Protein chains: 2
Amino acid sequence: MFKETKTHEVTTDVVIFTIKDGKLKVLLVKRAHEPFKGKWAIPGGFIRISETIDAAALRILKEKTNVQNIYLEQLYTFGDPLRHPTARVITCAYFALIRSDDIVLSFEDNSEITEVEWHPVYELPPLAFDHKEIIEYSLKRVRERLEFCPIAFQLLPEKFTLTELQKSYELILDKKLDKRNFRKKFLALSILKELDECTKSGSKRPARLYSFNEITLNSKRGHFFS
Amino acid sequence: MFKETKTHEVTTDVVIFTIKDGKLKVLLVKRAHEPFKGKWAIPGGFIRISETIDAAALRILKEKTNVQNIYLEQLYTFGDPLRHPTARVITCAYFALIRSDDIVLSFEDNSEITEVEWHPVYELPPLAFDHKEIIEYSLKRVRERLEFCPIAFQLLPEKFTLTELQKSYELILDKKLDKRNFRKKFLALSILKELDECTKSGSKRPARLYSFNEITLNSKRGHFFS
DNA sequence: TTAAATAGTGTACTTTGTACAAATATATTC
DNA sequence: GAATATATTTGTACAAAGTACACTATTTAA
């Protein structure tokens, strides 16, 4: 069925989420070579022999987006012997949340890849390997996190309106939320700092701007205050 | 610092919990060889080239305890380059919950190990590698699962009293719970089947026996009804 | 029969979540 | 500058879930 190799190869793949053009999107790269040449895939690469897995995931992230200091959490390790058609490759998957503003996607002269692009997570193209499963699982995890911890702020600019915050929740949970209840809950949490500024009205009534108070995140679990 | 190898080695280690003698315990094995010769460790082994990671974890579990069909969940993948003193070994850790009755621990003529024993999780000996961290993290995970899903039944015999059930929660959470509230909550969940039997009074007033209704567990997340 | 041990039970209060509709502030346009 | 369109903002009543808390009942053993 597949070529036996002496050892496993170990990679890390990173599902990178952002909100862009009013949609929840993931970063995909188009593969230059077989297997799955020309297919879209989530960015990934081999873990180097002297680097931690976290460091490898961060390196992959940085190669493609040039961002650091963002929410990055280990998701799950996928190791079906048949997930790669020609070798035994175990991948330790991560997911990340970033703000898409001022991010310039890049290849870094990487001949492995012919394109890098944001794709709406609810309208994905056919994907290489088991990457569809990995994205679905990371979406599930992000939703779970959202229940306990306002990680959505990783997707928002420094200053944001309550409507923008709610919109990010709705995009991730893929359902409408009640405006009054959403505000009540968030204001009760006292993790929002009400600013003296308002939107300079791109349209209609200006909205109050908020920022997040400092939050200590434990990336291994994603709870408040570790 | 450590010998460079061409590739990573990939293992799986399994934290196996049980309740025995009124204590929450984990299964440890004593290592026969270096590194960490003579030190206690959680059972583990290399993932074979054609087996899934789940299958490898299950194999390790079966080698030591001869049980199957129990709750086994992937925990986290630990990959610090310094976690193993002489090689680069990435380990995909799992945890399992089993009933300790009628379990015969075994080596299977394994020269890697000189002893197999249950150890109270709150009084651990010095452990090999990063196994202390792995056990601590799995304890944290078991506690999280307990909030959503009655996985504690994996630790109990087929028929049990509410006091026994509560005791298992108290051992895992490491705190006392209120008897009335505990009972109210569980009976409201309607996942318990009240039996017509009582304990044949090993002591004092006999207690009603219960069993669990069939529950569909999704081991990747551990929620009710997948 | 009495004492000791464990099993079993209910109520008031607090907190959290949910359903739901009207008034307000600005920009645009006529 | 008046009217209109659009997005912002606000509160209350009800339901559900969690928490604190103390006494009675049944059995065994002395």
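Chain naming here is simple, since letters A, B, ... match the order of the sequence lines and numbering starts at 1 in each. In this text, all values refer to a predicted model and were calculated from it rather than measured experimentally.
- In this structure, CG of B:L187 is placed 16 Å from C1' of D:dA17, rounded to the nearest angstrom.
- Here the nucleotide nearest the side chain of A:K204, chosen from C:dT9, D:dT6, D:dT10, is D:dT6.
- As a whole-Å value, the separation of A:K184 NZ from C:dG17 P is 9 Å.
- Rounded to whole Å, the distance from CZ on A:F182 to P on D:dT10 is 15 Å.
- The closest donor-acceptor contact from the side chain of A:T65 to the backbone of A:V67 lies under 3.5 Å.
- The side chain of A:R183 lies closest to D:dT8, out of D:dC21, C:dG8, D:dT8.
- Using a 4.0 Å cutoff on non-hydrogen atoms, the parts of residues 161-173 of chain A near DNA chain D are A:T163, ordered by number.
- Candidate nucleotides D:dA13, D:dC21, D:dT6 were compared by shortest atom distance to the side chain of B:D178, and D:dC21 ranks first.
- Distances from the side chain of B:K179 to the nucleotides D:dA20, C:dG8, D:dA22 place C:dG8 closest.
- Between the C1' atom of D:dA20 and the NZ atom of B:K176 lies a distance of 17 Å, rounded to the nearest Å.
- Salt bridge B:E117/B:K30: absent, no basic N to carboxylate O contact under 4.0 Å.
- For B:P206 and A:P206, each mapped to the nucleotide of DNA chain C holding its nearest heavy atom, the one lying further toward the 5' end belongs to B:P206.
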